[in-house]
Structures are given as C-alpha cells and as structure tokens.
Amino acid sequence: MELNQQKLETALQRNNTYLQFQLHLHKTVTSTNQILWDLLNTGAKPGCVVIAQQQTAGRGQWGRQWISSPGGLYLSVAVAPELEAINSYQLTLGSAWGIAEQLQNCGIPVGIKWPNDLVLEHRKLGGILTETKVTSGIITKAVIGVGINWANSVPETGINLQSLQQQHSKPISDLSMLAAQVLLGIESGIQCLCQEGANILISRYLNLLTNMGDIVYGSDFTGTVVGVTSKGELRVRTTSEIKSVITPEIYLQPGTISLGYRTPHKSQLHTTPENS
Ligand code: BTN
C-alpha cells in the first residue's frame, strides 16, 4: 500500500491551518522520529512531518522497540510548544485525544488506554512516542511520533484498522487518508493544549479514556481509576490502606504500571513496564 503525497496534501489542504505541515514521505527509514530530529538539526521548522511505510529501528515507549512492518502507518510531526519540560506529557495526552477524536468523527470508535495507547474493540490500534529537546527547563522542540496498525499483522492484543473496516463500512479508504486524519488529529490536540489549556485538554482526554472506573490491584493496595493529572499520572482512589500514605488518592507515573489488555474492566498492576 503506497502513500500518495498528492492525495494527502489535498486531504490536509482545507483543514490544516495551525501547524502548517511540510511533508517528507519515505519508503523505509530507521525511525521517523530519528529522521525528523536529523531534519530539525539542519534547519527544518515546526510543522515538518516525516512519514514512512516501514521502519527498521522503530522506537516505542520506555525504550522498547516498535515493530514496523509494511502496511502500518509510521509518522512523526515536529512542534515547538511553549511548555515547561515538567508538562511534556501533555503533548502525548493532547495527541492521543486529538487522534482518537478525529477517528471517532470518521465513524471509527477509537478510545484511549492510559497513557498513550489508541484502542479499538479493547485492543491496541496504535501508540504515541513524544521526544523533546529541553533548554533551561523549557521545551524548545518536540517530535510526536505515532504508529497505527493499518494493514500490518498484529499480535493477539492488537487490531488493525483494515480488518475492522472489512466488517463495517470504509470511512477511511487508504493509508494516505489515515495519515491525513492522524495529522489533523495531532494538530487539533496541540491546538487545544496551546490555546485552551491543559485543564480543558485533560477533561476531553478523560471523556475518551477507556480506563475510567477500572479496578487497579497493587501489591499493597486496591484502587479505582478516577482520572489523570496534568503531568500524565494516573489518579487512583485507594480502597485499601497503604502503609504511611494518608490520602486516599495516589498518582501513578506513566511507565510504572501496565493496565493490560486482557480484561477490559479489571486491570492488573505490575511493578515493571509491559513488554509489548
Ligand atoms: C508505544 O510504545 O506505544 C509508542 C510507539 C510509537 C511508534 C511510532 S512509529 C512512528 C514514530 N517513529 C518511531 O520510531 N516511533 C514512533
């Protein structure tokens, strides 16, 4: 499945006014995030986009590999938000919300699994990896990388969009149209963050979060997911006592637990990040 630059540009033309995308399309790259950093280091501007049909060294969250066989969408966008580094996770939350909302507007019921997964029918449709360059505590540049399963094969806990669309109507016709919707989604997420602020963004993110109300079992506590903080931590209201902690709510950092995919309403807490 080829990416068609003309088709992509046409799909973006009417709607892309905030980030002003400049497209760089490739067949195979190491990592679209890496290629975009290389371009930024030689003068590329925010709005620069790298899309590939295959990656040989795709990067996932928590230092994992992102398997990137042909048929998937692998895309990175450069942004320059005026954001303190401690709030960098807001870029991921904004992108997740924007993409899920955009795909929902196309009739595809995509939700979000905390913190950065796009989910469909309780399975993983895609993920987001945001990388930042920070000077004096401020983000000067950021690269938002998105991988979405389109026609590539996926593990049992994953789903690709084409298989779902075979059962239903085809709101997204091909990889180029998917790329356009993902870019417009990122744009609206970043625009929401920068113009309306983190509180409004988080409330929208929570509306699409599939984990709200999930029970989380820890080694020394049980709790219920009640939200996400503006730093991206999971807010869990505890139902059992934790040693010296008096507050009934605890904040879990991204990457410290895995909410899992097997049981949609009951999540198991692990002390090490998931390896998938
Ligand atoms: C995750 O671990 O869930 C996030 C995966 C993000 C993968 C994408 S694919 C495009 C971009 N380039 C990379 O090397 N990684 C991101």
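Whatever order the structure lists ligands and atoms in, that order sets their numbers, starting from 1.
Within the 4.0 Å heavy-atom criterion, the part of Leu75 lying near ligand 1 is the backbone and not the side chain. Contacts of Ser76 with ligand 1, taken as heavy-atom pairs under 4.0 Å, involve the side chain alone. At a heavy-atom distance under 4.0 Å, only side-chain atoms of Gln55, from C-beta outward, approach ligand 1. When non-hydrogen atoms are compared, ligand 1 lies under 4.0 Å from the side chain of Lys124 (C-beta onward) but not from its backbone.
Of the possible polar contacts, none joining the Asp117 side chain to the Pro115 backbone as a donor-acceptor pair under 3.5 Å is found.
Annotation: Gln61 places an N or O atom under 3.5 Å from an N or O atom of ligand 1; distance criterion only. Between Ser31 and ligand 1, an N or O atom pair is found at a separation short of 3.5 Å. Close N/O approach between Arg59 and ligand 1 is found [any backbone or side-chain N/O within under 3.5 Å].
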Pairs of donor and acceptor atoms involving the side chains of residues 179-188, under 3.5 Å and at least two apart or interchain, shall be tabulated with distances.
{"unit_1": "Gln181", "atom_1": "OE1", "unit_2": "Gln102", "atom_2": "NE2", "d": "2.8"}
{"unit_1": "Glu187", "atom_1": "OE2", "unit_2": "Asn16", "atom_2": "ND2", "d": "2.6"}
{"unit_1": "Glu187", "atom_1": "OE2", "unit_2": "Thr17", "atom_2": "N", "d": "3.4"}
{"unit_1": "Glu187", "atom_1": "OE2", "unit_2": "Tyr18", "atom_2": "N", "d": "2.9"}
{"unit_1": "Glu187", "atom_1": "OE2", "unit_2": "Leu19", "atom_2": "N", "d": "3.0"}
{"unit_1": "Ser188", "atom_1": "OG", "unit_2": "Gly185", "atom_2": "O", "d": "3.3"}

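The side-chain hydrogen bond (donor to acceptor under 3.5 Å, both in side chains) test with Lys27 singles out one residue from Glu2, Gln53, Gln54, and that residue is Glu2.
No heavy atom of Arg64 sits closer than 4.0 Å to any atom of ligand 1.
Thr30 and Gln55 make their closest contact through O-CB, 3.3 Å (heavy atoms, listed as atom of the first residue, atom of the second, distance).
Scored by the side chain to side chain contact (heavy atoms under 4.5 Å, CB included) test, Ser153 finds no partners at all (sequence neighbours excluded).
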